[in-house]
Structures are given as structure tokens and as C-alpha cells.
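Presented below is the structure to which this report refers.
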Amino acid sequence: MTTQSVSSGGSKRSLVIILAVIAVIALILGVLWFAGAAPSFLDSGSHVKSGGHIFRGIVGLVVAAVCGVGAWWTNKK
């Protein structure tokens, strides 16, 4: 066993955890934006006044899906 295979296994696990955490946070924020219950500090400084919640909700769900699939794919290999 080489040190390279050991260190790459640890970084792979870290990447999976980071992607999974981002996916969960993005999913929660996407649902909150769709519900119109996102915290006000997330909207501060925004120039989008109408329809922004739907767009941000869609983006949140897309980011959650991409990160979730990335975590699954990385863990699978």
C-alpha cells in the first residue's frame, strides 16, 4: 500500500462529505425560497424584486441535485 492511495482515499471521503453538505444546504434553501420563507439576510442587497424567489428556488434545487449526484458518483468509484 502506498501513501498516495491512502491520502487519495481521505481526500475522496472529504470531497463526498463536502458535496453532501452543500447538497443538503442547497436543498433546504431551495425549498425555503419556493415557500417564500427564506431568511431576510439572503435577500439583502438583491436587485431582483419580483420572481426572484422562484428563480433562486430552482437554482437551489439544481445545485442540490448536482452536488448530490457528484457526491454519489465520487463515493461510487
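Residues A26 and A64 share a closest heavy-atom pair of CB-N, 3.8 Å. In plain terms, the two heavy atoms of V16 and N75 that are nearest each other are CG2-N, 3.7 Å.
The hydrophobic cluster containing W73, built from Ile/Leu/Val/Met/Phe/Trp/Tyr side-chain heavy atoms closer than 4.5 Å, also comprises W72.
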Residue pair L61, F34: steps toward the side-chain contact (heavy atoms from CB on, under 4.5 Å) verdict: CA-CA 10 Å; L61 294 179; F34 272 125; 3.2 Å; yes
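Applying the side-chain contact (heavy atoms from CB on, under 4.5 Å) criterion to V24, with sequence neighbours excluded, gives I28. Scanning for side-chain contact (heavy atoms from CB on, under 4.5 Å) contacts around I17 gives R13, V21, with sequence neighbours left out. Scanning for side-chain contact (heavy atoms from CB on, under 4.5 Å) contacts around V66 gives V62, with sequence neighbours left out. Residues meeting the side-chain contact (heavy atoms from CB on, under 4.5 Å) test with A23, sequence neighbours left out: C67.
Here the CG-CG distance, from L27 to L32, works out to 9.5 Å after rounding to the nearest 0.5 Å.
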